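Bear in mind that the values here come from a model prediction, so they are computed numbers and not experimental data.
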Amino acid sequence: MKNLCRLSLLEAINLVKKGQATPEDFWQSCWQSQQKKDGKIHAFLTLNEKGEKDLARKSLGQEPLAGMPFAVKDNFSTRGLQTTAGSRILANYVPPYTATVIRRLQKAGGIIFGKTNCDAFAFGASGENSGFGPTRNPHDLARVPGGSSSGSAAAVASHQVIFALGSDTGGSIRQPAAFCGVVGLKPTYGRCSRWGLIAMGSSFDAPGPITKTVADAALVLSLMAGKDRHDATSSGKMVANYREGLAKGVKNLKIGLVREFFRPELQGEIGNAVQRAARQLEQAGANLVEISLPHLDEALAVYYVLVPAEISSNMARYDGVRFGYQSKHGKTALAASAYSRGEVFELEVKRRILMGSYILSAGYFDAYYLQASRVRTLIINEFRRLFGKVDLILGPTTPTTAFKLGEKTADPVAMYLSDIFTVPANVAGLPAISLPFGKDKNNLPIGIQLIGNYFQEETMLQAAYLLEKANGN
Amino acid sequence: MIQAKINIDYLAKLANLALTPKEKEQLKTDMPHILRFIEIVKHIKTQGVAPTFQTISIQNVSQKDRRRASLPRRKALANAAKKNSKYFISRPVF
């Protein structure tokens, strides 16, 4: 059967459960697709050549994921399978354990197909900061796929796998999903375990699915979410069956449209797509409410204070002794560690470590770190106030569609601004989803975003599902 | 004004990061630009506002003490650049 790799996860599972295709058929289809396409796209860093062995499990076809191959961003630890986090410092690192969210998907019958390219340690918004070369956007190879889950979004968009996992610290699932025309879901902070996810900003990081449809995202989230004793910040709140309520609709839901999202930098076609989505929700029975998020600009600044601070602390573990690259230079342990870090860390990694060191250094800690942590409280309070008035917030995912490779690499702040609409959900720890909603005049995908209240992924998915159907997907 | 405050060599020492002269030049240009961008947080009134360190109000997470097998030594050493059968080997501390 041809083109099985092009099916959505739910279509694929149905086919296997009806006996019309086998998990092996899907594996082969994805493998052929990867071999044919990835030379140009560079979505994968490592393929799981032992994955086919897992297909031998007899019960596989009856399990929730029915043996479907999925891609994993390379910052998730996978036992026995190289895990680089997109950085040369971990070029030969093979973890002794597997991240909880991946173990859960494997237990549900998912099979790791391969590890995907990403900005080194997930620091980036274009995929260009990978130590192994950039990923390209399947819709236009001259453009970036977004980042940092660049390879995961590109692999799903180019039908090299059925679905993928990404991680979202400031938009790293949603922004590449928007640029590549797929669905990307960032759950509430703590909804999915971070154990085994190589840490970036520990109070921001959230694992989540990148899929072809909203229903696929709902299924994958149901299977990966929940309390984990290895992650004290994971929530014990009950995990809903997110798929069950998808078709409930949006009648009487209050949808907030943030005034500050419609700013001059927003590409006109994206603004129009958001307005079109708002009208469709209104026609389906939702009530639109204009709201204000006055601290939108500050949210991005808060992010770029707190995340580098957390990064500089998290990156201290890379000393070249217990794992990772070790330099030949340096006579003492400390000097050898400085050379090991200096020789292979990518420039953006160095930039963020230094920024974090500056922010946390004596004399600046109160002025930057503590102050930003207080502004974070104000932003959370602002969202709590808004969610007293509305059930969901609708807006753009990105200010523009995919930009060209190299266009923003010389200006880090311009690159950081790509995350202006995605970062607020991370600062507050809220769930958010990006879904494709038409294309611009260059035929590039447009993504729109729904932000939900804490642990209200179900409501968010219902609205996203309705919009997906209304948009003909 | 901000540019004068940033001492890349001092920060590199704090971060234990060896930088090339070219990288230092690049970072001397980039960092003031980024600092100007984040300065806005300093101008917001936050008197009496408590800082947020985690967003979902989980408190006092604990679990029972239970003895479990640790990672086997062989696996713990598997990724080390230099090792013997029992230990990681690093260069002299002093």
Item to complete: Counting only heavy atoms closer than 4.5 Å, note whether A:Thr188 contacts chain B via side chain, backbone, both or neither.
Response: side chain

Worksheet item: Got a second to check how far A:Tyr454's OH is from B:Ile56's CD1, nearest 0.5 Å?
Response: 9.0 Å

Worksheet item: If you round to the nearest 0.5 Å, how far is CD1 of B:Ile58 from NZ of A:Lys227?
Response: 5.5 Å

Discussion item. Using only non-hydrogen atoms and a strict under-4.5 angstrom cutoff, which residues of residues 337-350 of chain A touch chain B?
Written reply: A:Ser337, A:Ala338, A:Tyr339, A:Arg341, A:Gly342, A:Phe345, A:Leu347, A:Lys350

Practice prompt. Output the option from B:Gln54, B:Lys42, B:Gln26 having the highest count of non-hydrogen pairs under 4.5 Å with chain A.
Written response: B:Lys42

Discussion item. Given heavy-atom pairs under 4.5 angstrom as the criterion, report whether the side chain, backbone, both or neither of B:Phe53 touches chain A.
Written reply: both

Practice prompt. Under 4.5 Å, counting heavy-atom pairs only, tell me which of A:Ala336, A:Ser361, A:Ser203, A:Gly356 racks up the most with chain B.
Written response: A:Ala336

Worksheet, complete the sentence: Honestly, the part of A:Tyr93 sitting under 4.5 Å from a heavy atom of chain B is both

Fill in: Contact class of B:Leu17 relative to chain A, heavy atoms under 4.5 angstrom
both

Discussion item. Restricting to ring pair (Phe, Tyr, Trp, His ring centres under 6.0 Å), what partner residues turn up for B:Phe88, sequence neighbours left out?
Written reply: none

Fill in: Heavy-atom contact with chain B under 4.5 Å, split by part of A:Asp411
side chain

Practice prompt. Could you tell me which portion of B:Val41 (side chain, backbone, both or neither) has an atom closer than 4.5 angstrom to a non-hydrogen atom of chain A?
Written response: both

Worksheet entry | ring pair (Phe, Tyr, Trp, His ring centres under 6.0 Å) involving B:Tyr87 - partner list, sequence neighbours excluded | none

Discussion item. What verdict does the side-chain contact (heavy atoms from CB on, under 4.5 Å) test give for A:Arg351 and B:Leu27, after you've listed the backbone C-alpha separation in whole Å, the side-chain angles of each residue and the deciding distance to 0.1 Å?
Written reply: CA-CA 7 Å; A:Arg351 205 182 269 140; B:Leu27 291 162; 3.8 Å; yes

Worksheet, complete the sentence: Here the gap from A:Arg229 atom CZ to B:Lys64 atom NZ, rounded to the nearest 0.5 Å, amounts to 13.0 Å

Practice prompt. Show your working on side-chain contact (heavy atoms from CB on, under 4.5 Å) between B:Ile44 and A:Gln371 and close with a plain yes or no.
Written response: CA-CA 9 Å; B:Ile44 296 171; A:Gln371 171 68 0; 4.3 Å; yes

Item to complete: Spell out, as yes or no, whether a donor-acceptor pair under 3.5 Å connects the side chain of B:Asn79 to the backbone of A:Gly324.
Response: no

Item to complete: Would you please test A:Lys331 and B:Arg91 for side-chain contact (heavy atoms from CB on, under 4.5 Å) and show each step?
Response: CA-CA 7 Å; A:Lys331 287 182 180 165; B:Arg91 269 161 245 181; over 6 Å; no

Item to complete: Pick one of side chain, backbone, both or neither for A:Ile380, based on which atoms fall under 4.5 Å of a heavy atom in chain B.
Response: side chain

Discussion item. Tell me whether A:Arg79 at atom CZ has more than 12 heavy atoms from other residues, nucleotides or ligands lying less than 6.0 Å away.
Written reply: no

Worksheet item: Which bit of A:Phe204 comes within less than 4.5 Å of chain B, counting heavy atoms only: side chain, backbone, both or neither?
Response: neither

Practice prompt. Measure the shortest side-chain to side-chain distance between A:Gln326 and B:Ile89 over non-hydrogen atoms and say whether it is less than 4.5 angstrom.
Written response: no

Practice prompt. Would you mind checking which part of A:Tyr369 comes under 4.5 Å of any heavy atom in chain B, side chain (CB onward), backbone (N, CA, C, O), both or neither?
Written response: side chain

Item to complete: Give, as side chain, backbone, both or neither, the part of A:Ala232 having an atom under 4.5 angstrom from any heavy atom of chain B.
Response: both

Item to complete: Measure from the side-chain N and O atoms of B:Ser90 to the backbone N and O of A:Val321, and report whether any donor-acceptor pair falls under 3.5 Å.
Response: no

Worksheet item: side-chain contact (heavy atoms from CB on, under 4.5 Å) between A:Arg376 and B:Thr55: does it pass, once the steps are laid out?
Response: CA-CA 9 Å; A:Arg376 190 177 195 183; B:Thr55 51; 3.5 Å; yes

Worksheet entry | A:Phe455 portion near chain B, given a 4.5 angstrom heavy-atom threshold | side chain

Worksheet item: Side chain, backbone, both or neither: which part of A:Tyr303 has an atom under 4.5 Å from a heavy atom of chain B?
Response: neither

Worksheet item: Is chain B contacted by the side chain of A:Lys237, its backbone, both, or neither, given a heavy-atom distance below 4.5 Å?
Response: neither

Worksheet item: With side chains defined as the heavy atoms from C-beta onward, is the minimum distance between B:Arg36 and A:Val413 less than 4.5 Å?
Response: no

Worksheet item: Heavy atoms, side chains only, cut-off 4.5 Å: are A:Tyr368 and B:Leu35 in contact?
Response: yes

Worksheet item: Of all of A:Asn381, A:Val302, A:Leu334, which one pairs up most often with chain B through heavy atoms under 4.5 Å apart?
Response: A:Leu334

Response to the item:
Whatever's closer than 4.5 Å to a heavy atom in chain A on B:Leu71 counts as side chain

Worksheet item: Has the side chain of B:Thr46 got a donor or acceptor atom that lies under 3.5 Å from a matching backbone atom of A:Val375?
Response: no

Item to complete: State the CZ-CG distance between A:Arg322 and B:Leu77, to the nearest 0.5 angstrom.
Response: 12.0 Å

Item to complete: Heavy atoms only, distances under 4.5 angstrom: which of A:Leu378, A:Leu360, A:Leu90, A:Asp319 has the most pairs with chain B? Name it, please.
Response: A:Leu378

Item to complete: Measure distances from A:Leu417 to the heavy atoms of chain B and classify the residue's part below 4.5 Å as side chain, backbone, both or neither.
Response: side chain

Practice prompt. Measure the acute angle between the ring planes of B:Phe37 and A:Tyr416, then classify it against the limits of 30° and 60° as parallel, tilted or perpendicular.
Written response: tilted

Worksheet, complete the sentence: Highest number of heavy-atom pairs under 4.5 Å with chain A among B:Val61, B:Val93, B:Leu11 belongs to B:Leu11

Response to the item:
Ranked by heavy-atom pairs below 4.5 Å to chain A, first place among B:His43, B:Glu23, B:Lys13 goes to B:Glu23

Practice prompt. Heavy-atom distances under 4.5 Å only: say whether B:Ala15 touches chain A with side chain, backbone, both or neither.
Written response: both

Item to complete: Go through the atoms of B:Lys83 and report whether side chain, backbone, both or neither lie under 4.5 Å from a heavy atom of chain A.
Response: neither

Practice prompt. Answer with side chain, backbone, both or neither: which region of A:Leu306 has an atom nearer than 4.5 Å to a non-hydrogen atom of chain B?
Written response: neither

Worksheet entry | Gap between atom CG of A:Leu300 and atom CD1 of B:Ile40 - 0.5 Å precision | 8.0 Å

Worksheet item: Got a sec, which residues hit ring pair (Phe, Tyr, Trp, His ring centres under 6.0 Å) with A:Tyr189, two or more places apart in sequence or on another chain?
Response: none

Worksheet item: Non-hydrogen atoms of chain B under 4.5 Å away: do they reach the side chain of A:His295, the backbone, both or neither?
Response: side chain

Practice prompt. State whether the number of non-hydrogen atoms from other residues, nucleotides or ligands found under 6.0 Å of B:Arg74 atom CZ is greater than 12.
Written response: no

Fill in: Heavy-atom pair count under 4.5 Å with chain B, highest-scoring of A:Gly190, A:Gly236, A:Pro412
A:Pro412

Worksheet entry | Closest-packed option against chain B by number of heavy-atom pairs under 4.5 Å, given A:Thr233, A:Thr332, A:Leu370 | A:Thr332

